Protein chains: 2
Amino acid sequence: MQYLDKLRNSGLRPTKQRLQICEVLFNTEKTFHFTVNELDKKIKNNTGNKISLATIYNTIHAFEKKGYLKQIPINSNQTYFDTNVTDHHHFYDLKDEKLIDLENCDVGPINIKKKINGKKIKSIEVLVKLED
Amino acid sequence: MQYLDKLRNSGLRPTKQRLQICEVLFNTEKTFHFTVNELDKKIKNNTGNKISLATIYNTIHAFEKKGYLKQIPINSNQTYFDTNVTDHHHFYDLKDEKLIDLENCDVGPINIKKKINGKKIKSIEVLVKLED
DNA sequence: CACCTATTTAGAATCATTATAAACTAGGAC
DNA sequence: GTCCTAGTTTATAATGATTCTAAATAGGTG
């Protein structure tokens, strides 16, 4: 129920599948990172039924467009998404291949001195790679 | 000739293919960004002959491991590489899908306040997305 | 209910990248 | 130079994430 309005207000029909995906993504204390593959498994575990991969892709792209999810820029064969859509950055542990959130206050202000004519800064993303 | 020693000193045999790829990648005034697909075309244009895709992949991975190339962390279906291996950052123009270098001096110092036990910072990469 | 359009779906298609295994080659030993 | 061997190259097949397709289904409005 709690996601009905969220979806309706975004112009997305609140289908059974979308509501289930909302539950898995947003009905948690903490935000988290995931790949489509991991989300697929999580949906199966949490709800007991399967949603077609095509639908999962459709849905997360729709959610991303609406600002409910963010892609994390990182080189990997799979795309990583983040349910934390506030401005923040990431550690990437190269050995464990794990992402760790860096809150905005964990990173000093970032001052971009160069300007490009006719372009505005939309976002600034910092990836800090960690090794042992 | 100029890349023979570079390759030998890295423990890479200076094959015809690797020397040609060195020419295309490093024999330029300016550094540049590329995908494997673009590199493949560039090799054909510059040298007139074709190098197998498998060889191109092998070679750029070898070069990356030796520190002659860097991957640029960005979400794309293709992997972007950079012949500029100095510490620096990137603008990404969302509309034109173009990468633009940000020299280190274009970005103020970045202060990471959070520490992870037993881990060292290997690199810090900033991606600044641009819109119109 | 009836209708229309958005959505879901299984499966096929795409495409970057990696694996395979056979042919080739650099470079040292003789 | 010839031989030898491990490192390379190559065409091709395999992989795997993502996207496409077209048919079936389901919201939502009248």
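Residue numbers start from 1 in every chain, and the chains themselves are labelled A, B, ... in the order their sequence lines are given, proteins ahead of strands. The figures that follow rest on heavy atoms only: side chains count, while hydrogens, waters and symmetry mates do not. Keep in mind the model is a prediction, meaning the values are calculated, not measured.
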S.K.: For Asn58(A) and dT9(C), give me the distance from atom CG to atom C1', rounded to whole Å.
M.R.: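 In whole Å, dT9(C) C1' lies 10 Å from Asn58(A) CG.
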S.K.: Atom CD of Gln71(B) to atom C1' of dA16(C): distance rounded to whole Å?
M.R.: 13 Å
S.K.: Could you tell me how far apart Leu7(B) (CG) and dG27(C) (P) are, to the nearest whole angstrom?
M.R.: 10 Å
S.K.: Return whichever of Arg8(B) or Ile56(A) has its heavy-atom-nearest nucleotide of DNA chain C closer to the 5' end.
M.R.: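 Result of the comparison: Ile56(A).
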S.K.: Can you find a side chain N or O atom of Arg13(A) that sits less than 4.0 Å from OP1 or OP2 on dA26(D)?
M.R.: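 No.
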S.K.: Just call it for Thr79(A): base, sugar-phosphate, or nothing, with non-hydrogen atoms closer than 4.0 Å on any strand.
M.R.: sugar-phosphate
S.K.: For Gln17(A) and dA26(D), is the shortest distance between a side-chain N/O and OP1 or OP2 below 4.0 Å?
M.R.: no
S.K.: Tell me which nucleotide among dT10(D), dT18(D), dT17(C) gets nearest to the side chain of Leu53(A).
M.R.: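 For the Leu53(A) side chain, the nearest candidate turns out to be dT18(D).
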S.K.: Where the side chain of Tyr57(B) is defined as all heavy atoms beyond and including C-beta, which of dT17(C), dT8(C), dT10(D) is the nearest nucleotide?
M.R.: dT17(C)
S.K.: Of the nucleotides dT10(D), dT7(C), dT8(C), which one has an atom closest to the side chain of Ser52(B)?
M.R.: dT10(D)
S.K.: Of all heavy-atom pairs between Phe63(B) and Arg18(B), which one has the smallest distance, and what is that distance?
M.R.: CZ-O, 4.3 Å
S.K.: Quick check: do Leu12(A) and Lys66(A) have side-chain heavy atoms less than 4.5 Å from each other?
M.R.: yes
S.K.: For the side chain of His61(A), counting heavy atoms from C-beta on, which of dT17(C), dT7(C), dT19(D) is nearest?
M.R.: dT19(D)
S.K.: If you compare all heavy atoms of Ile56(B) against all heavy atoms of Asp40(B), which two are closest, and at what distance to 0.1 Å?
M.R.: CD1-OD1, 3.4 Å
S.K.: Picking from dG11(C), dT10(D), dT17(C), which would you name as closest to the side chain of Ala54(A)?
M.R.: dG11(C)
S.K.: Above 12 or not: heavy atoms from other molecules or residues under 6.0 Å from NZ of Lys120(B)?
M.R.: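 Check fails, neighbour count at 12 or below.
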S.K.: Taking atom types as modelled and ignoring hydrogens, do the side chains of Asn37(A) and Thr35(A) form a donor-acceptor contact shorter than 3.5 angstrom?
M.R.: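 There is no such pair (donor and acceptor under 3.5 Å, judged by atom type) between the side chains of Asn37(A) and Thr35(A).
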S.K.: If you compare every side-chain N and O of Thr15(A) against the phosphate oxygens of dA6(C) (OP1, OP2), does one of them come in below 4.0 Å?
M.R.: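 No, outside the criterion.
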S.K.: Rounded to whole Å, how long is the line connecting atom CZ of Arg18(A) with atom P of dG27(D)?
M.R.: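 Value for this atom pair: 11 Å.
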S.K.: Over how many whole Å does the gap from Ile51(B) atom CD1 to dT12(D) atom P extend?
M.R.: 18 Å
